[in-house]
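Everything on this sheet refers to the single structure shown next.
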Amino acid sequence: MQKNLKDIKVTKSWQYLAYLYLALYGILFLLAFLLKNTGFGIVLASLFHNYGLYVIQVIPHFSNFTGVIGAGLALFFLGWAVKRKDWPDLILSLVLVGLNFLYFFFQWNYLLVPLLRFVNNPTF
């Protein structure tokens, strides 16, 4: 029995969070890394870094607006799981949000930054 891609449905909070935290973030990093010697790679590196700081980081800093959207998204998807009373979905979502929190709290996101190029400087 073979499934088509159109048969896959994203209906759970953890699936959306996995897409935002892992798939999209990973694809942005991979493209920025593979294309780092091009002008487009520099743009992708900035997009990757800003996406992490502004969209998926769950620790809000209101002075520079980093993490506000990420915290809002996390609360929305956790609340959506509670509203549907889907407790396994809530647990998986909490695990993903918790891992994401640790990733930014311990600033592990900055371990990836040196692998990318943010300026067009041939000395890098």
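Values below: all heavy atoms of this structure, side chains included; hydrogens, waters and symmetry mates excluded. This chain uses plain numbering: 1 for the first residue, then up along the sequence.
By the criterion of side-chain heavy atoms lying less than 4.5 angstrom apart, applied directly or through intervening Ile, Leu, Val, Met, Phe, Trp or Tyr residues, Tyr19 is not grouped with Val95; the two fall into different hydrophobic clusters. Note on Val68 and Phe76: same hydrophobic cluster, where clusters join Ile, Leu, Val, Met, Phe, Trp and Tyr whose side-chain heavy atoms are under 4.5 Å apart, directly or indirectly. Following chains of ILVMFWY side-chain contacts shorter than 4.5 Å, one cannot reach Leu28 starting from Val43, and the two form parts of different hydrophobic clusters. When the side chains of ILVMFWY residues are joined at heavy-atom separations under 4.5 Å, either directly or via intervening members, Leu22 and Phe101 end up in a single hydrophobic cluster. Placement of Leu47 and Tyr110 within a single hydrophobic cluster is found when ILVMFWY residues are connected by side-chain heavy-atom separations under 4.5 Å, directly or transitively.
One finds the CD1 atom of Ile56 at 5.5 Å from the CG atom of Asn100 (value rounded to the nearest 0.5 Å). Between Leu90 atom CG and Arg84 atom CZ the span is 9.5 Å, to the nearest 0.5 Å. Rounded to the nearest 0.5 angstrom, Leu96 CG and Tyr21 OH are separated by 7.5 Å. For the atom pair CG of Leu35 and CZ of Arg117, the computed distance is 12.0 Å after rounding to the nearest 0.5 Å. Here CG of Leu73 is found 12.5 Å from OH of Tyr16. Values are rounded to the nearest 0.5 Å.
Closest non-hydrogen pair, Phe118 versus Ile42, comes out as O-CG2, 3.2 Å.
For residues 48-58, there are no side chain to side chain donor-acceptor pair (under 3.5 Å) pairs, not counting sequence neighbours.
The shortest side-chain heavy-atom distance between Leu31 and Phe40 does not fall under the 4.5 Å cut-off. Phe77 places none of its side-chain heavy atoms less than 4.5 Å from the side chain of Val97. The closest side-chain heavy-atom distance from Leu44 to Leu116 is not below 4.5 Å. Using a 4.5 Å heavy-atom cutoff, the side chains of Leu78 and Leu94 are in contact. Looking only at side-chain heavy atoms (C-beta outward), Phe104 and Val58 stay at 4.5 Å or farther from each other.
Applying the side chain to side chain contact (heavy atoms under 4.5 Å, CB included) criterion to Leu92, with sequence neighbours excluded, gives Trp14. Every side-chain hydrogen bond (donor to acceptor under 3.5 Å, both in side chains) that Tyr25 has, sequence neighbours left out, goes to Tyr103. Considering only residues two or more places apart in sequence or on other chains, Ala71 meets the side chain to side chain contact (heavy atoms under 4.5 Å, CB included) condition with Pro60. The salt bridge (charged side-chain N to carboxylate O under 4.0 Å, His left out) check on Lys12 picks up Asp86, with sequence neighbours excluded.
Hydrophobic cluster membership for Ile91: none, as no Ile, Leu, Val, Met, Phe, Trp or Tyr side chain comes under 4.5 Å of it.
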